[in-house]
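Each remark here refers to the structure printed beneath this line.
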Amino acid sequence: MSTFIDNKSAIAALFQTALATAYPALADGAFMIEVEKPKNPDHGHFAVNSALQLAKKLGAKPCDIAEAIVAALPASDLIATQPDIAGPGFINIRLSLAAETRVVGSIFADGDNFGKNHTGANQSVMVEFVSANPTGPLHVGHGRAAAIGDTLARLLTWQGYQVSREFYYNDAGVQINNLMLSVQARLRERSGLDAPFPEGGYHGEYIREIAERYAGKFPDDVSGNHEDTLRDFAVAYLRHEQDLDLKAFEVQFDHHYLESSLYTEGLVEKTVAHLVANGKTYEQDGALWLKTTDYGDDKDRVMRKSDGTFTYFVPDVAYHVTKWQRGFKRAIVELGADHHGSLARVRAGLQAMDMGVPVGYPDYVLHQMITVMRGGEEVKISKRAGSYVTLRELIDEVGRDATRYFFVMRKADSQLTFDIDLARSKSEENPVYYVQYAHARICSVLAQWGGDETALKSADLSPLTSKYESDLTRALADFPLTLKHAAHELAPHIVAVYLGDLAAKLHSYYNAERFLIEDEKLKLARLSLVLATRQVLKNGLTVLGVSAPEKM
RNA sequence: GCCCUCGUAGCUCAGUGGAUAGAGCAUCCCCCUCCUAAGGGGAGGGUCACACGUUCGAUUCGUGUCGAGGGCACCA
């Protein structure tokens with residue numbers, strides 16, 4: 001675990017002390033100093049704008065306040081020179097060389113654990129994602145879900161949470177029946193029987209494939225008359241295919257939860273009974289309704305239809321009740337934005353259960369739909385029509401690393417365009433290679449040096465005085481806070497953006513300076529810095545589930 | 001009609017209550033007798049959709065308008 005205290009926090013603490021000295025009235029923590037990074041590097045490494053924020057409260061001019069704070073600043077080896085007061089009252093700070101480079105020692109001390117912390121305090125958290133119905137192969141949308149969900153799980157693990165990955169699937173509903181009927185129709189078709197294709201059936205080629213396999217395995221039922229057997233066969237086949245896809249994507253689940261078990265274990269009935277007993281329901285038009293409007297939904301929802309069957313959202317609520325009862329004080333659900341309608345209902349249902357579940361439970365991370373372009377035209381993704389791009393195709397043709405990185409490098413709620421032709425023909429332009437290349441370059445340099453890497457871990461870093469070295473060390477020091485931020489925001493793309501930036505600094509450095517040089521002290525210092533950079537690149541790629549190759 | 005997300009460079013997208021809004025691709029120019037050119041340096045390219053409000057300060061927060069995508073069934 002990392003014991004590294006980042007420079008930002010250290011500086012904030014320093015200024016908090018100075019503020020309390022200069023203005024004793026604010027000593028009780030009434031005002032928290034915020035340290036920010038200026039966009040313009042000429043303004044220093046860090047800036048404090050508290051003087052502007054306090055001007056009104058203290059009835060003084062910002063620049064006078066800034067001067068008072070700076071004058072009260074305790075001596076510290078963190079700061080290189082007396083901070084500047086600039087513009088209307090910004091305090092601009094430059095780090096000392098020692099402050100900049102001390103991160104390198106922490107990186108070597110923590111190694112593969114650099115960037116981890118105990119924020120999660122070992123609390124159990126469930127991340128549910130993908131949760132595709134076993135009615136067809138996984139497609140690009142599921143790929144985005146898998147990459148985002150798995151990265152979230154990794155991020156939370158790094159923050160010290162006890163993470164469980166869960167895949168929930170509907171193995172009993174109407175859609176499964178449609179699947180069975182679709183395979184049945186294909187079976188009868190190949191037997192030369194007149195078989196109308198079911199309305200709402202699945203048209204993909206894979207349906208014929210399942211029919212072929214079924215006929216091969218059950219030669220005495222080539223017309224698919226044994227519907228239960230046929231249904232089970234089709235579901236098992238597709239589940240197996242999905243598992244293979246996910247495995248190829250390096251995504252593993254700790255648990256699969258079957259919707260059917262909610263019925264067989266009576267949890268759906270129990271949930272309904274509980275809601276009725278709580279007085280949260282009413283009968284109308286022969287149906288049973290839940291008063292979800294009491295909890296912010298825009299209309300009440302039917303729980304039990306007039307035909308006696310339940311609507312899908314009842315098992316959804318029952319399922320989330322089990323998450324709470326299984327001890328997950330925190331649950332995150334990664335969903336396609338096309339399902340966002342269920343969000344308010346599930347939360348309302350949980351509140352109506354009145355069992356102590358927090359109002360915002362569970363957290364949702366929604367990813368927007370992907371627009372897929374192929375041959376310059378948009379591909380309409382439709383499972384039922386059988387037109388889509390499968391995850392398998394992407395992995396085979398673009399590669400696992402590139403696909404994962406691509407899905408995770410943009411905000412989940414941005415609608416992204418995936419140009420299949422571009423991804424295939426120019427996969428070397430995928431930004432993941434830029435990051436991986438930085439890692440491979442460092443490996444190559446170290447291999448050519450051929451020395452003992454452990455010696456680098458205690459190298460004297462004082463010769464590192466160039467701008468490139470300063471930029472690189474400060475970027476390295478940002479890594480732990482970046483991960484924390486990404487985990488807090490449930491936003492994996494923050495890690496990808498950071499890695500791109502870190503790689504850019506390494507590449508600039510590489511082109512500007514040589515590492516394998518005559519000056520022994522400078523050489524060791526540079527190799528030490530570069531070795532630390534390799535470690536951070538590797539750790540960051542690990543969080544994204546992307547490999548860190550030694551050669552490319 | 002109601003709800004959610006989004007609107008930033010030609011394209012794909014980052015980003016921020018602060019001082020000159022960034023990257024990649026595309027266009028143009030430069031850099032390998034030298035640790036991997038899958039790289040680097042530079043140029044051009046912007047009314048941060050629009051309006052109003054909050055604020056010392058808004059591209060960022062709020063409201064409204066317009067535009068894009070999605071969701072609004074006793075479908076799942």
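Protein chains get the first letters and strands the later ones, always in sequence-line order, with residue 1 at the start of each.
- Look at rC48(B): its glycosidic torsion is beyond 90° from 0, and that puts it in the anti range.
- Comparing rU55(B) with rC3(B), their P atoms are spaced 27 Å from each other, to the whole Å.
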note = Under a 4.0 Å heavy-atom criterion, the protein footprint on nucleotides 4-9 of chain B, written with B, S and -, is BBS---
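- Salt bridge status for D401(A) with R404(A): absent, with no side-chain N to carboxylate O gap under 4.0 Å.
- Scanning residues 303-312 of chain A for heavy-atom distances under 4.0 Å to RNA chain B yields K305(A), S306(A), T311(A), Y312(A).
- Atom CG of D316(A) and atom P of rC75(B) are 15 Å apart (whole Å).
- Relative to the side chain of D338(A), the nucleotides rC74(B), rG71(B), rU12(B) differ in distance, and rG71(B) lies closest.
- Between H139(A) and H142(A), the distance from one ring center to the other falls under 6.0 angstrom.
- No side-chain N or O of Y364(A) forms a donor-acceptor pair with one of R347(A) less than 3.5 Å apart.
- Here the nucleotide nearest the side chain of M552(A), chosen from rC13(B), rA38(B), rA73(B), is rA38(B).
- The pair E128(A)-K323(A) counts as a salt bridge, with a side-chain nitrogen and a carboxylate oxygen less than 4.0 angstrom apart.
- On the P atoms, rG64(B) is 41 Å away from rC25(B), given to the nearest whole Å.
- E513(A) comes within 4.0 angstrom of a nucleotide base, judged by non-hydrogen atoms across all strands.
- Residues Y257(A) and F167(A) place their aromatic rings such that the two centres sit no closer than 6.0 Å.
- At a threshold of 4.0 angstrom between heavy atoms, the contacts of S508(A) are confined to the sugar-phosphate backbone, with no base atom among them.
- Of the candidate nucleotides rC72(B), rA37(B), rC74(B), rA37(B) has the atom lying nearest to any side-chain atom of R441(A).
- Within 4.0 Å (heavy atoms only), F313(A) reaches no atom of the nucleic acid at all.
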